[in-house]
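Note that this is a predicted model, so its numbers are computed, not measured. The chain is numbered in sequence order, starting from 1. In what follows, every heavy atom counts, from backbone to side chain, and hydrogens, waters and symmetry copies are set aside.
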Amino acid sequence: MASSSSSHLPASVFNPRRHVGVHAERVSDVASTEFPGHYPGEDHSWNLAKFKENLKVSVKRLSQRSVEFDLVGVDASIANAFRRIMLSEVPTIAIEDVFVFNNTSVIHDEILSHRLGLIPLNVDPRLFEFRQDIPLDRNTLVFRLNVTCERIKKASKDGPQYINEYVRSGDLEWVPQGEQESVFASNPPAATNKDIVIAKLRPGQTIEMELHAIKGVGKEHAKWSPVATATYRLHPLILLNPSKPVPPHLAQKFASCFSSGVVKVSPDGQVSIDDRHLRKETMSREVLRHKEFEGCVELKRIRDWFIFSVESEGPYTPESLFPEAIKVMRGKIASIREAAEALLADSHDLGAAPAASSGPDADGDVEMDGA
C-alpha cells in the first residue's frame, strides 16, 4: 500500500511499525515492537534525545469550554495516565457539607444535597488547602441558599405566575470568611453556570440552607472532577493500493463509505485521500463490507498519535487542564524517585540509617544519588 505523494502528513507516519491494523472484525499489531531485542541489529533502548525529537503536542481546536489537541510520540500507557489524571486527580472545589434549615420543596434533602454538590464552581483550587479537620478560611468556602416561592399578585394570564418558581445555581450567595473577601475581590466565588436548575417551587415552599465547599479530587467523588469528559482516540490512516485503484464508476460509492471530506473524487473518477480532513474519519469500516473494494484500501491507526478531546467544567480553562495533569504526574514521579533514592542509600550501607532526602525542588524533581 502507498500514500499520496502530495501528503500533508510527515513521512514517518507511513512507517508500518507505527500502524495498528483495522480489519472487518478485528484489529492487529496492537502492541509496539520497538523495544530492545525485537529487531536483530537494532538498538531500541529508551533514549531521551530521541524521545524529545519524536514528542509533539499541538492544539487543533480551542473554545471557551473545550480543547482538542494531538499528543504524538508516547506510549498508550502514558497517554492513558494523563487522561485518568485529568479525570480524577486534578483538584477542584465542590460543595461537600449541606446544613438544611428549612426545605419544604418536593425534593428530599439528600437528593437536593447531591444536586448541589455537582454544581461546578469558578474557584481556583490553587488558592486553597485540602481540609483535614477544622474548617478555616483557607480550606472552606461558605454559601447560603435562601429562596421562597410566592404568587405574583394581579399576574396576567400569559405572563409569569410565580416569583422564584425555579431555584437556580445563580441563587447561591457567597458568604466571605476571614481574608476571603480581599482574596476574591476581583472574582467572587459562584457557579460557573448560573442557570442550572436546582429545584422547582410552588407558592409557600422554601429552601433555606448553608453550604460548605472544600477542595478535593475526582477519584474521591465525581463532583470534584474538573472535566465533563476527557477522551482520546488514535489518529486514523487510510492507505490506497496503487496496484488496484478504485474503478472510476464506483468512486462516489467509495467516497460515501468514509466521513465527509476524507476522500476526494476528481472529475475523471480518480480517488485520493485528503490528509487535512483525515482526522474526521470515524473508522466505521463501511468500505470493508463491499467486495468490489477488496484490496483497494487498507485501514490503519497510528499507534503513538493520540487525538485528545477535553471539556472543562470548572475553574480551569480547557488549555490549562493538560499542564495541570503534567504537574500531578511530575509529583508522582518525584515521589518514586525519592523512594528509589532512599532504597539506593540503604543498599550502600545496610547498617546505617537511610540518607536524608532534600525533597523535591520547585519543579517537583528530586536529585538521585549519582553513585
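Rounding to the nearest 0.5 Å places CG of Leu239 at 7.0 Å from NZ of Lys300. To the nearest 0.5 Å, atom CG of residue Leu321 and atom CZ of residue Phe69 are 9.0 Å apart. Here Thr104 contributes atom OG1 and Ile107 contributes atom CD1; the two are 11.5 Å apart, rounded to the nearest 0.5 Å. Taking CZ from Arg168 and CD1 from Ile198, the interatomic distance works out to 10.0 Å, rounded to the nearest 0.5 Å. One finds the CG atom of Leu9 at 7.0 Å from the CG atom of Leu237 (value rounded to the nearest 0.5 Å). A distance of 8.5 Å separates OG1 in Thr206 from CD in Glu150, rounded to the nearest 0.5 Å.
Following chains of ILVMFWY side-chain contacts shorter than 4.5 Å, one can reach Phe258 starting from Val271, so the two form part of one hydrophobic cluster. Cluster membership for Phe51 and Phe35, using ILVMFWY side-chain heavy atoms within less than 4.5 angstrom, is not shared. Phe130 and Trp224 are assigned to two separate hydrophobic clusters, defined by single-linkage of ILVMFWY side chains at heavy-atom distances under 4.5 Å. The same ILVMFWY cluster, assembled from side-chain heavy atoms under 4.5 Å apart, contains both Leu55 and Leu234. Phe184 and Ile214 fall into different hydrophobic clusters, where Ile, Leu, Val, Met, Phe, Trp and Tyr residues are linked whenever their side-chain heavy atoms come under 4.5 Å apart, directly or through other members.
You'll find the side chain of Arg279 reaches within 4.5 Å of the side chain of Glu68, heavy atoms only. For the pair Ile273 and Val263, the minimum side-chain heavy-atom distance is below 4.5 Å. A heavy-atom distance below 4.5 Å is not found between the side chains of Gln161 and Ile152. Counting only heavy atoms from C-beta outward, the side chains of Glu298 and Asn241 never approach each other to under 4.5 Å. Taking 4.5 Å as the limit, some side-chain heavy atom of Lys253 sits within range of a side-chain heavy atom of His290. Counting heavy atoms from C-beta outward, Ile207 and Asn102 have side chains that stay 4.5 Å or more apart. Inter-residue side-chain proximity for Trp305 and Val13 is flagged as met; some heavy-atom pair is nearer than 4.5 Å. Taking the side chain as every heavy atom from C-beta outward, Thr33 and Tyr39 approach each other to under 4.5 Å.
With hydrogens and angles disregarded, no donor-acceptor distance shorter than 3.5 Å links the side chain of Ser225 to the backbone of Ser88. Judged purely by atom type and a 3.5 angstrom limit, Glu281 uses its side chain to pair as donor or acceptor with the backbone of Ser259. Between the side chain of Asp137 and the main chain of Glu179, a donor-acceptor pair closer than 3.5 Å is present. The main-chain N or O of Ile196 is found under 3.5 Å from a side-chain atom of Ser169 such that the two form a donor-acceptor pair. Of the possible polar contacts, one joining the Lys244 side chain to the Glu294 backbone as a donor-acceptor pair under 3.5 Å is found. Under a 3.5 Å cut-off, the side chain of Ser335 and the backbone N or O of Gly331 do form a donor-acceptor pair. No side-chain donor-acceptor contact under 3.5 Å links Arg303 to the backbone of Val20. Distance alone, capped at 3.5 Å, is enough to place a donor-acceptor pair between the Arg115 side chain and the Val197 backbone.
Counting heavy atoms of neighbouring residues, nucleotides and ligands inside a 6.0 Å radius, atom NE2 of His114 does not exceed 12 of them. Other residues, nucleotides and ligands contribute at most 12 non-hydrogen atoms within 6.0 Å of the CZ atom of Arg84. The 12-atom threshold is exceeded at CD of Glu34, counting heavy atoms of other residues, nucleotides or ligands nearer than 6.0 Å. Annotation: Arg202, atom CZ; neighbour count of heavy atoms from other residues, nucleotides and ligands within 6.0 Å is above 12. By the neighbour-count criterion of 12 heavy atoms within 6.0 Å, atom CD of Glu42 is densely surrounded, having more than that number from other residues, nucleotides or ligands. Environment of CD1 in Ile134: sparse, with no more than 12 heavy atoms of neighbouring residues, nucleotides or ligands closer than 6.0 Å. The neighbour count for Arg144 CZ, taken as heavy atoms of other residues, nucleotides or ligands under 6.0 Å away, does not exceed 12. The environment of NZ in Lys219 is sparse: at most 12 heavy-atom neighbours from other residues, nucleotides or ligands sit within 6.0 Å.
In this structure, Phe293 and Phe254 have perpendicular ring planes: the angle between them is above 60°, well past the 30° mark.
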Practice problem: Go through the steps for His235 and Leu278 under the test side-chain contact (heavy atoms from CB on, under 4.5 Å), then give the verdict. | Solution: CA-CA 8 Å; His235 196 291; Leu278 190 55; 4.1 Å; yes
Practice problem: Take Ser309 and Tyr232, measure what side chain to side chain donor-acceptor pair (under 3.5 Å) needs, and give me the verdict at the end. | Solution: CA-CA 6 Å; Ser309 296; Tyr232 66 76; over 6 Å; no
Quiz prompt | Worked check of side-chain contact (heavy atoms from CB on, under 4.5 Å) between His212 and Ile95 | solution = CA-CA 6 Å; His212 290 186; Ile95 294 170; over 6 Å; no
Exercise. Let me see the working for Glu208 and Leu145 under side-chain contact (heavy atoms from CB on, under 4.5 Å), right down to the final yes or no.
Key: CA-CA 6 Å; Glu208 182 182 0; Leu145 182 63; over 6 Å; no
Exercise. Would you check, one step at a time, whether the test side-chain contact (heavy atoms from CB on, under 4.5 Å) holds for Leu211 with Phe99?
Key: CA-CA 6 Å; Leu211 321 169; Phe99 302 93; over 6 Å; no
Self-check item: side chain to side chain donor-acceptor pair (under 3.5 Å) assessment of Arg18 paired with Ser12
Solution: CA-CA 8 Å; Arg18 296 180 66 187; Ser12 60; 3.2 Å; yes
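A salt bridge links Arg131 to Asp97: at least one charged side-chain nitrogen sits closer than 4.0 Å to a carboxylate oxygen. A salt bridge does not link Arg285 to Glu25: none of the charged nitrogens lies less than 4.0 Å from a carboxylate oxygen. Between Glu53 and Lys50, no side-chain nitrogen of the basic residue sits less than 4.0 Å from a carboxylate oxygen of the acidic one, so the salt-bridge criterion is not met.
His19 has its ring centre no less than 6.0 Å from the ring centre of Phe14. Taking the six-membered ring where the residue is Trp, the centroids of Phe322 and Phe306 are separated by 6.0 Å or more.
Taking the centre and axis of the six-membered ring of Tyr316, the NZ or CZ atom of Arg126 falls outside the cone set by 45° and 6.0 Å. Taking the ring centre of Phe128 as origin, the terminal cationic atom of Lys215 falls outside the region bounded by 6.0 Å and 45° from the ring axis.
Across all non-hydrogen atoms, the minimal contact from Arg83 to Thr231 is CD-CA, 4.3 Å. In terms of heavy atoms, Ala325 sits closest to Met86 at CB-CG, 3.7 Å. In terms of heavy atoms, Pro91 sits closest to Pro125 at O-CG, 3.2 Å. The two residues Ala185 and Pro188 have their closest heavy-atom pair at O-CD, 4.2 Å. Taking every heavy atom of both residues into account, Pro318 and Ser63 meet most closely at CG-O, 3.6 Å. Heavy-atom minimum distance, Leu201 versus Cys149: CB-CB, 3.5 Å.
Put simply, the residue from Leu299, Ile238, Val246 that forms a side chain to side chain contact (heavy atoms under 4.5 Å, CB included) with Val287 is Leu299.
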